[in-house]
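A short write-up of the structure that comes next.
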Amino acid sequence: EISVCDWSSDVCSSDLNAAAVIASIADEEGTSSSAERDAAERARLLETLGADPSARTQPPHIRSQVNQLEKEQKARATRFARDMVDRALIDLLSVYRDALVLSARAPVELVNADHTGVVEQVRSSLSPEQILGAMDAIGTARERIAANVQPLLALEAMAISLRLPA
C-alpha cells in the first residue's frame with residue numbers, strides 16, 4: 001500500500017513503520033526458516049565429534065567448533081534476511097518501472113499487470129523525473145544493503161525519499 005505524506009512534515013511515520021515491518025519480517029523469516037536446520041546441524045556436529053549433546057559444557061576443542069558453526073549459521077540467517085529485503089525492493093522497483101512505462105506510453109507489457117491500481121496511483125502522483133528519482137532511491141537502498149548497511153536504516157532512508165506529494 002502506498003501512503004501519501006504531507007511534505008511539510010519532517011518524517012512520515014507510516015513510511016518508516018512500513019520500512020520497519022519489511023525489515024522485521026525479513027529478520028523473522030531468516031530466524032524461523034533456519035531454526036530447525038541449525039539445531040539439526042548442531043546435533044550432527046556434536047555426534048560427529050563424539051560429544052554428549054546433553055552435557056552442560058563441552059570440552060574446549062568441541063566448543064570452538066560449535067562456536068564456528070553458530071557463527072556460520074548466524075551469517076547465513078543474516079544473508080537470508082538481506083536477500084528477502086532485496087527481493088522486496090526489486091518488487092517495489094518493478095512498480096515504479098511500470099509507472100514509468102505507463103507515463104511514457106511505451107508499448108510493452110507491465111510486470112505488475114495484476115496491480116494496475118497501485119501502478120496508476122504512482123504514475124498519476126509523480127512526474128517521470130520523480131519516478132526515476134524514486135527508482136534511483138530504491139537502487140541506492142539496495143546498494144547500501146549490499147555494502148552491509150543495516151537494512152532498517154537503508155529502508156528508512158529510502159522510505160523518506162519515496163514520499164508521494166500530497
Side-chain angles (χ1 to χ4, degrees), residues 1-7 9-42 67-104 106-166:
E1 181 174 313
I2 298 172
S3 67
V4 178
C5 297
D6 177 9
W7 283 103
S9 68
D10 289 336
V11 175
C12 183
S13 64
S14 63
D15 289 343
L16 297 181
N17 288 341
V21 166
I22 292 170
S24 173
I25 288 171
D27 285 340
E28 288 172 17
E29 284 293 319
T31 302
S32 67
S33 71
S34 64
E36 282 184 34
R37 182 182 60 225
D38 291 353
E41 286 177 350
R42 186 177 195 281
N67 287 339
Q68 182 61 35
L69 175 65
E70 289 170 352
K71 280 183 186 176
E72 291 170 7
Q73 291 170 337
K74 183 179 178 188
R76 186 174 45 223
T78 300
R79 178 80 259 152
F80 182 81
R82 287 176 182 268
D83 287 348
M84 284 192 61
V85 170
D86 190 57
R87 283 191 296 273
L89 291 176
I90 290 170
D91 290 344
L92 182 60
L93 190 60
S94 72
V95 170
Y96 283 91
R97 175 255 183 214
D98 285 350
L100 191 60
V101 165
L102 287 180
S103 290
V108 294
E109 284 190 43
L110 298 180
V111 173
N112 298 289
D114 52 337
H115 294 95
T116 54
V118 171
V119 172
E120 182 58 37
Q121 181 184 359
V122 172
R123 186 209 57 79
S124 65
S125 299
L126 301 174
S127 70
E129 293 81 14
Q130 290 171 317
I131 294 171
L132 286 172
M135 293 172 76
D136 188 44
I138 296 166
T140 299
R142 292 184 67 214
E143 289 170 4
R144 288 176 176 162
I145 292 169
N148 215 23
V149 170
Q150 286 293 320
L152 179 58
L153 183 61
L155 289 171
E156 285 177 344
M158 180 198 72
I160 290 170
S161 65
L162 291 182
R163 293 183 290 169
L164 296 177

What's the shortest heavy-atom distance between [X] and [Y], and which atoms?
X: Val122; Y: Ala99; answer: CG1-CB, 3.7 Å
X: Gln130; Y: Ser125; answer: OE1-O, 4.1 Å
X: Leu126; Y: Tyr96; answer: CD1-CE2, 3.8 Å

Considering residues at least two apart in sequence or located in another chain, which fulfil the salt bridge (Lys or Arg N to Asp or Glu O under 4.0 Å) criterion with [X]?
X: Arg123; answer: Glu120
X: Glu72; answer: none
X: Asp91; answer: none

Separation of Glu129 CD from Ser103 OG (nearest 0.5 Å): 9.5 Å
Under the side-chain contact (heavy atoms from CB on, under 4.5 Å) test, residues paired with Leu89 that sit two or more places apart: Val85, Ile138, Ala141, Arg142, Ile145, Leu155, Met158
Counterpart residues, side-chain contact (heavy atoms from CB on, under 4.5 Å), relative to Asn67 (two or more places apart): Glu70
side-chain hydrogen bond (donor to acceptor under 3.5 Å, both in side chains) partners for Arg97, two or more places apart: none
Under the side-chain hydrogen bond (donor to acceptor under 3.5 Å, both in side chains) test, residues paired with Arg76 that sit two or more places apart: Asp38, Glu41
Test salt bridge (charged side-chain N to carboxylate O under 4.0 Å, His left out) applied to Asp83 and Arg79, step by step: CA-CA 6 Å; Asp83 287 348; Arg79 178 80 259 152; 3.0 Å; yes
Listed once per pair and sorted, the side chain to side chain donor-acceptor pair (under 3.5 Å) pairs that draw on residues 107-117, sequence neighbours left out: Ser94-Asn112, Asp98-Asn112
Ser124 (side chain) donor-acceptor with Gln121 (main chain) under 3.5 angstrom: yes
